[in-house]
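Note sheet for the following structure.
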Amino acid sequence: MTSDKLTKALIYESQGLINDALEIYKEILKIEPTNKDALVSMQRLINLNDIKIDKDMLKLFLSDKKEDIEKFKRWLVEI
């Protein structure tokens, strides 16, 4: 049963449904608090969720201007 839920969560992840995947990992951990697969996956997703991609920074990344690229690099170091 747990492996079915892990598979479902991984499918959600691959589809970009991060919050849905997190909910499944939480369900697994309620039943099996030491499930390493769920713990590792949940921590990875939480870390991913903490990184917010700023649209302005994305524009800088795609820019050909040297000063924009430098500004992007400084931003990237800060996160």
Side-chain angles (χ1 to χ4, degrees):
M1 178 150 160
T2 302
S3 65
D4 291 343
K5 286 187 177 199
L6 280 170
T7 301
K8 186 176 182 180
L10 289 170
I11 291 169
Y12 282 162
E13 277 188 62
S14 71
Q15 296 174 343
L17 302 170
I18 304 305
N19 290 331
D20 294 328
L22 281 170
E23 287 304 313
I24 292 173
Y25 292 131
K26 286 178 191 176
E27 288 175 23
I28 293 169
L29 292 171
K30 283 180 188 176
I31 298 164
E32 204 178 317
T34 59
N35 185 300
K36 288 186 181 189
D37 292 327
L39 285 167
V40 169
S41 295
M42 190 169 181
Q43 185 60 50
R44 180 175 37 78
L45 290 182
I46 288 170
N47 289 342
L48 268 180
N49 255 0
D50 287 343
I51 298 174
K52 305 293 184 217
I53 301 299
D54 185 322
K55 289 181 183 177
D56 292 331
M57 292 300 120
L58 184 57
K59 288 178 187 174
L60 291 177
F61 174 73
L62 297 172
S63 174
D64 290 332
K65 296 179 185 174
K66 185 176 180 175
E67 60 270 10
D68 288 346
I69 294 168
E70 290 303 316
K71 187 174 180 181
F72 175 79
K73 287 179 183 178
R74 287 192 301 276
W75 172 79
L76 191 58
V77 168
E78 291 174 10
I79 62 168

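Side chains are part of it too, since the values below use all heavy atoms of this structure and drop only hydrogens, waters and symmetry mates.
- For Glu23, the side chain to side chain contact (heavy atoms under 4.5 Å, CB included) partners two or more places apart in sequence, or in a different chain, are Lys26.
- A donor-acceptor pair under 3.5 Å is absent between the side-chain atoms of Ser63 and the main chain of Lys59, judged by distance alone.
- Not counting sequence neighbours, the partners of Ala9 by the side chain to side chain contact (heavy atoms under 4.5 Å, CB included) test are Ala21, Ile24, Tyr25.
- Residue pairs meeting the salt bridge (Lys or Arg N to Asp or Glu O under 4.0 Å) criterion with at least one member in residues 61-72, sequence neighbours excluded: Glu70-Lys73.
- Each of Val40 and Ile18 belongs to its own hydrophobic cluster when Ile, Leu, Val, Met, Phe, Trp and Tyr are linked at side-chain heavy-atom distances under 4.5 angstrom.
- A distance of 9.5 Å separates CD of Glu32 from CG of Leu39, quoted to the nearest 0.5 Å.
- Listed for the Ser14 side chain is a donor-acceptor partner under 3.5 Å among the backbone atoms of Ile11.
- Rounding to the nearest 0.5 Å gives a distance of 11.5 Å between CG of Leu22 and CD of Glu27.
- Under the 4.5 Å side-chain criterion, counting only non-hydrogen atoms from C-beta, Lys5 is in contact with Ile31.
- We find the NZ-CG distance between Lys30 and Asn35 to be 15.0 Å, quoted to the nearest 0.5 Å.
- Of the inter-residue distances, the one linking Leu45 atom CG with Asn19 atom CG reads 9.5 Å to the nearest 0.5 angstrom.
- Taking Tyr12 as the reference, nothing meets the ring-ring contact (aromatic ring centres under 6.0 Å, His included) condition, with sequence neighbours excluded.
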